[in-house]
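The structure appears right after this line, and notes come after that.
Counting starts at 1 for both ligands and their atoms, following the listed order.
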Amino acid sequence: MNRLFVALRPPAPVRDALLDLMDGVEGARWQDEDQLHLTLRFVGEVDAPLANDLAAALGGINSPPFETELAGVGYFQRKGRPTALWARPAPCAPLDILQRKVERVCQQIGLEPEHRKFTPHVTLARLGRHAGPINGWLAEHGTFRTGSWQVGEFRLYESTLNAGGSQYDPVASYRLQA
Ligand code: 3AM
């Protein structure tokens, strides 16, 4: 079985800007540079034939390159407790269109539809039960903005769960073309 997801990989200068945000919350498990990504679709565990179908079907997506930027930070919470810190893209119609194309392909090959609303973000940290307060961090980085970059490809990633965190390995890249 392969645990897969489809994502964008921010370019190096953007990753550097994200790494600069990774301080100031006690107990936060900050992501490593090589973990940084913007998930378009979490696929989950699929067997090898389905993984191959997905890899091939993603190659059929036709979408032009587009510009995007990250603007703002925030957090996810569960039962009133913050669980993750993230940076989010500014509203970006081409990003939403690409996400919908990826979703359509996933359904065409037989995956269950993703019903949760697409909330584009780049996870910066996971927060356990004993993490410190995040209000200061949120206030400090409220005006975070990367400047825009061109998205020229998206990737299929394999996720491996290790004791120390998740390892994300790109298994295929798909060039966006006008
Ligand atoms: O893009 P982020 O870092 O927010 O949390 C996992 C990570 O999200 C998420 O998929 C991304 C790559 O692993 N993920 C893991 N299990 C998931 C699940 N069961 C999940 N997303 C939705 N459902």
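Taking the charged nitrogens against the carboxylate oxygens, Glu158 and Arg3 have no contact shorter than 4.0 Å, which rules out a salt bridge.
Ring geometry, His121 versus Phe76: the interplanar angle exceeds 60°, so the pair is classed perpendicular (tilted spans 30 to 60°). Tyr168 and His37 have perpendicular rings, their planes meeting at more than 60° on a 0 to 90° scale where under 30° would count as parallel.
A single hydrophobic cluster is seen to contain both Leu98 and Leu38, as judged by linkage of ILVMFWY side chains at heavy-atom distances under 4.5 Å, directly or through other members.
Between Phe154 and Leu58, the shortest heavy-atom distance links the atoms CZ-O, 3.8 Å.
Heavy-atom contacts from other residues, nucleotides or ligands closer than 6.0 Å to CG of Asn162 number more than 12.
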In a simple table, one pair per line, please give the protein and ligand 1 atom names for every N or O pair closer than 3.5 Å, along with the distance.
| residue | atom | partner | partner atom | Å |
| --- | --- | --- | --- | --- |
| ligand 1 | 1 (O) | His37 | NE2 | 2.9 |
| ligand 1 | 1 (O) | Thr39 | OG1 | 2.5 |
| ligand 1 | 3 (O) | His37 | NE2 | 3.4 |
| ligand 1 | 3 (O) | Thr123 | OG1 | 2.9 |
| ligand 1 | 3 (O) | Arg126 | NH2 | 2.9 |
| ligand 1 | 4 (O) | His121 | NE2 | 2.6 |
| ligand 1 | 4 (O) | Thr123 | OG1 | 2.8 |
| ligand 1 | 16 (N) | Arg3 | NH2 | 3.1 |
| ligand 1 | 23 (N) | Arg116 | NH2 | 3.3 |

